[in-house]
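Only one structure is covered here, and it is reproduced in the block below.
Chain identifiers are assigned alphabetically (A, B, ...) following the order of the sequence lines, protein sequences preceding nucleic acid strands; residue numbering begins at 1 within each chain.
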Number of protein chains: 4
Amino acid sequence: MARPRTRTLVYDAVLSLAREDRLGSISMEGVAARAGVSKQTLYRTWPSTRVILFDALLARSLSEDGMVAVPNSGYLEVDLESLVVATIAELTDSTQEPLLRAVTADIQTDEVLAAQFRDRLLTPQLKAISNRLRRESIDDPDAAAELLLGPIFHRWLLRTRAFEPGWASAHVQRVLQATASRAVLLDLLARRP
Amino acid sequence: MARPRTRTLVYDAVLSLAREDRLGSISMEGVAARAGVSKQTLYRTWPSTRVILFDALLARSLSEDGMVAVPNSGYLEVDLESLVVATIAELTDSTQEPLLRAVTADIQTDEVLAAQFRDRLLTPQLKAISNRLRRESIDDPDAAAELLLGPIFHRWLLRTRAFEPGWASAHVQRVLQATASRAVLLDLLARRP
Amino acid sequence: MARPRTRTLVYDAVLSLAREDRLGSISMEGVAARAGVSKQTLYRTWPSTRVILFDALLARSLSEDGMVAVPNSGYLEVDLESLVVATIAELTDSTQEPLLRAVTADIQTDEVLAAQFRDRLLTPQLKAISNRLRRESIDDPDAAAELLLGPIFHRWLLRTRAFEPGWASAHVQRVLQATASRAVLLDLLARRP
Amino acid sequence: MARPRTRTLVYDAVLSLAREDRLGSISMEGVAARAGVSKQTLYRTWPSTRVILFDALLARSLSEDGMVAVPNSGYLEVDLESLVVATIAELTDSTQEPLLRAVTADIQTDEVLAAQFRDRLLTPQLKAISNRLRRESIDDPDAAAELLLGPIFHRWLLRTRAFEPGWASAHVQRVLQATASRAVLLDLLARRP
DNA sequence: CCTTAACCGAGACGGTACGTCCCGTCTTCTA
DNA sequence: TAGAAGACGGGACGTACCGTCTCGGTTAAGG
């Protein structure tokens, strides 16, 4: 509905506000003022600040290819570890973190937003990982992908602990062992004293 | 600061509101009206609705022993599976879920609340699990505890998938295999054809 | 400026809205929507709803000869009384009254509109009456016309009282006595015991 | 409901705005800003600017005895003429006129306001005049009072003509003649050549 | 038992933001 | 080339809560 020019103004405004303000304090009036746009123009296109923010993030991730890609060097362990490191880096990046936290907070109370977030970002991410795993001798690649991401988000979302150096590597080891097939386990045992 | 009678009224009010209303729509005025208490009385003791809600949850979990306890039957697999099942049950209980989601949403934007939540509820929970694991031949019980809870909360917080029947059991298997020592792995292989 | 077809649509729209809505709630957008005309088309021709309404009333009074004419039967008293009765009827007619009230309200704040209203409707009306009076033995026909209409509008505009039956007749008597010449007064006295 | 201090601030604000602004452009937000009062404080007590304005006028007319009193020197003609002159002066006073016009405009669309205006201001005024007339040999003092005020308001409300010098005196003559009894008419004729 | 201080209800208040309506201007697309 | 369609900046609407601030009444402990 809104013209491209307007969308750009609004996205820039909401992202800059999210960077500097308390996240809960972003208001439609504030966004309108910052964007130099009338409130009605906002409401014609977006029902709430959370949706604006989500759209802005989506637009950015589409344009800049902001998503974390799954590397594919042929060495599974190496690939998974660099994926974990990249994911942690994104989650704790000072410009990204507040935005991502805002959206995940919104997900708790907005099922529509949650569905969009799931379908457009999370499920593709999990699928990309499980596809990478499927090409190796992994019994249940979907479960392995969850096992890989679960503890990362557990720490981040519930703020239980920071990510200590070396953790990524050990974590990948555990995940691979968790879903290793009989053959791989035998191989592992052979290599471990 | 507030008298016990007042606290009870307020906690009951906020919990009943949380059950019926949209969670974001809980307001100090609404709680005051529901509790039959003046706004000033609320503000004397609590700075915001999120703190009231958190206090109310804490008070309840202390009184009713609402926390999920780690069973200790001697059979590790059985114990972990029943723990996972109980955790999932609590997270998806229709009266609990909205409250828990509200608090986890608040955690994203309120670091003080996050610290309290972590210290009073999450860390004890993880410790209880890792203590249970330590008594078995588990290499890294803390990591195992995270591996156990991480995917559960990943599904629940990011709403990626529902918990399908049988998942708990398979998940426990994977977690145990992930952190199994050489001896345990040999045992596992012996039992698996 | 606007094409006749457009004018008709607009006049019909504004008159129908005036009949059904609260008078203050007529808006340019509402008229445009009702008339099936774009807002720009309205603004090209009329600056405000009050002007549209006034134009619509004028157009109607010109076409339907909606104005109250001064009867001329030769019997002054009879003529004046039927004029008064007709005027009261117009002012209190349920389809006319709201429109007339809207315009008179506008007159209080819009001097341009007041001038048009005066020149096109009120002054001709007063002139018609005083011309009728001038043909009789009336000292000051302009004053008499004002004396005739003044109390009618005083009751109607300030809503002081309803018009009770028989009032018109007595009122005409008083007005005639008020402006009677010496000769007429003598005649009156001769006829009154 | 509002505290006296607040009422004073609000009345002063609305009266000062009415003096300087276009009358139709008085808004709740404008009054609140000028009074240094929050919008909610206004709405808690008054439903609209028209009611604020009316209350402010009432408060002023009560405190300053702003109403036009009927003089009582014993000489009826003299008294009525000075009453007419005073009334005209009030209606055309540059600080009063916009306020009075605003209220009379509102009366056209607000029947509740009209009733209050009638009962608190207009009817007492008419009664005061007719009481003064009743003490003389006037047949129908109520009708005479209407005959006296009607043309004044006709000119003022419909803006038909300005009040020319000498008109007040001639108008009083006509009104007295209009409702004069036989005895008074004889007296009048005797005094007029 | 009485006082005296903490606690409480009630609610007016200045303020921010909400989401809506309408203003008057402007551009774009269609007939 | 006129006109519908409608996006746009702007102002005001009336409402919901915010957090602060008196102002009287209760209540419960300590003298």
Going by salt bridge (charged side-chain N to carboxylate O under 4.0 Å, His left out), name the residues that satisfy it together with R118(A), two or more places apart in sequence or in a different chain. none
How would you list all residue pairs meeting salt bridge (Lys or Arg N to Asp or Glu O under 4.0 Å) that involve residues 31-41 of chain B, not counting sequence neighbours? E20(B)-R34(B), E29(B)-K39(B)
For R50(D) and L113(D) the tightest heavy-atom approach is CD-CD2, 4.2 Å
Less than 4.0 angstrom between a side-chain N/O of R3(B) and OP1 or OP2 of dT26(F), yes or no? no
Taking only residues two or more places apart in sequence, or in another chain, which ones meet T6(B) in a side-chain hydrogen bond (donor to acceptor under 3.5 Å, both in side chains)? none
Selection: residues 38-54 of chain B, any non-hydrogen atom under 4.0 Å of DNA chain F: K39(B), Q40(B), Y43(B)
When you match T6(D) and T6(B) each to their closest nucleotide on DNA chain E, which lands nearer the 5' end? T6(B)
Sequence neighbours excluded, the answer for side-chain hydrogen bond (donor to acceptor under 3.5 Å, both in side chains) partners of S48(D) is none
Contacts of S25(A) meeting side chain to side chain contact (heavy atoms under 4.5 Å, CB included) (sequence neighbours excluded), chain-then-number -> D21(A), R22(A)
So the contacted stretch of DNA chain E, first to last nucleotide with an atom under 4.0 Å from a non-hydrogen atom of chain B, runs from dC7(E) to dA10(E)
So, using side-chain hydrogen bond (donor to acceptor under 3.5 Å, both in side chains) as the criterion, who are the partners of Q116(C) when residues are at least two apart? none
Rounded to whole Å, how long is the line connecting atom CZ of R5(D) with atom P of dC21(F)? 18 Å
With sequence neighbours left out, what residues match A35(A) under side chain to side chain contact (heavy atoms under 4.5 Å, CB included)? L9(A), V10(A), A13(A), V37(A)
Which residues pass the side chain to side chain contact (heavy atoms under 4.5 Å, CB included) test with A18(A), sequence neighbours left out? L23(A), I26(A), L53(A), L99(A)
Under the rule for side chain to side chain contact (heavy atoms under 4.5 Å, CB included), what residues qualify as partners of T8(B), not counting sequence neighbours? D12(B)
At a heavy-atom distance below 4.0 Å, what parts of residues 24-37 of chain D sit against DNA chain F? S27(D), M28(D), E29(D)
